[in-house]
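All figures in this text were calculated on a predicted structure; none of them were measured in a lab.
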Amino acid sequence: AAVCRLNDTHLFFKKTGASTGNWILLRLRGTRSNRDGIGTKVQITLPSGLKQYDHVSTANGIYSASDKRLHFGLGAETLIKNLEIFWPSGVKQTLENVKGNQSLVITEPER
């Protein structure tokens, strides 16, 4: 990973240890909303009941942007019980029993 710092040198990080947890990476594509899904809110619920929230944004710092994809760490869990997506258009999309350790592209429903 590369990190740019204001008025300082840039940094590069390299992962050298083994993977210790599960994850999911979401890329959202809007149809009625903007195509990058900016402003879309996501809530995941794990089988343990733990909930996590995030939203799509690229606003992070000055002269740079963050990744539009959403990355959730799942710890020891390998399944997402419920994944709710709240699109800027007002559409709510729900996926159930989503497997972890994958990258998903999710497209906003046309309705």
Looking at residues at least two apart in the chain, or sitting in another chain, which of them share a side-chain hydrogen bond (donor to acceptor under 3.5 Å, both in side chains) with T9?
R5

Please walk me through it: do T94 and K92 pass side chain to side chain contact (heavy atoms under 4.5 Å, CB included)?
CA-CA 7 Å; T94 302; K92 178 184 174 187; 3.8 Å; yes

Rounded to the nearest 0.5 Å, how far apart are OG1 of T16 and NZ of K14?
8.0 Å

Contacts under 3.5 angstrom, residues 37-50 side chains, donor-acceptor by atom type, not counting sequence neighbours:
unit_1 : atom_1 : unit_2 : atom_2 : d
T40    : OG1    : G37    : O      : 2.7
Q43    : NE2    : E84    : OE1    : 3.1
S48    : OG     : L50    : N      : 3.4
S48    : OG     : E77    : OE2    : 2.6

Membership question, hydrophobic clusters at under 4.5 Å side-chain separation (ILVMFWY): are L95 and I24 in the same one?
yes

About how many Å separate CD1 of I85 and NE2 of H55, when rounded to the nearest 0.5 Å?
15.0 Å

L104 and Q102, any side-chain heavy atoms less than 4.5 Å apart:
yes

Looking at every heavy atom in both F72 and Y53, which two are closest together, and how far apart are they?
CE2-C, 4.1 Å

Could you pull out all residues at least two apart from F12 that satisfy ring pair (Phe, Tyr, Trp, His ring centres under 6.0 Å)?
H10

If you compare all heavy atoms of R29 against all heavy atoms of W87, which two are closest, and at what distance to 0.1 Å?
O-CH2, 3.5 Å

N34: partners by side-chain hydrogen bond (donor to acceptor under 3.5 Å, both in side chains), with sequence neighbours left out:
none

Considering residues at least two apart in sequence or located in another chain, which fulfil the salt bridge (Lys or Arg N to Asp or Glu O under 4.0 Å) criterion with K68?
D36

Let me confirm one number: the CG-CG distance from N101 to L74, rounded to the nearest 0.5 Å.
7.0 Å

Exactly one candidate in L83, L79, N82 meets side-chain contact (heavy atoms from CB on, under 4.5 Å) with N97; the answer is L79

Sequence neighbours excluded - salt bridge (Lys or Arg N to Asp or Glu O under 4.0 Å) pairs with any residue from residues 96-108:
none

Quick one: does any side-chain atom of N22 pair with a main-chain N or O of A76 as donor and acceptor, under 3.5 Å?
yes

Do you reckon L28 sits in the same ILVMFWY cluster as F86, going by side-chain contacts under 4.5 Å, direct or chained?
no

Closest non-hydrogen atom pair, P109 against R32:
O-CD, 4.1 Å

Could you check whether any side-chain heavy atom of L70 comes within less than 4.5 Å of a side-chain heavy atom of L25, counting everything from C-beta outward?
no

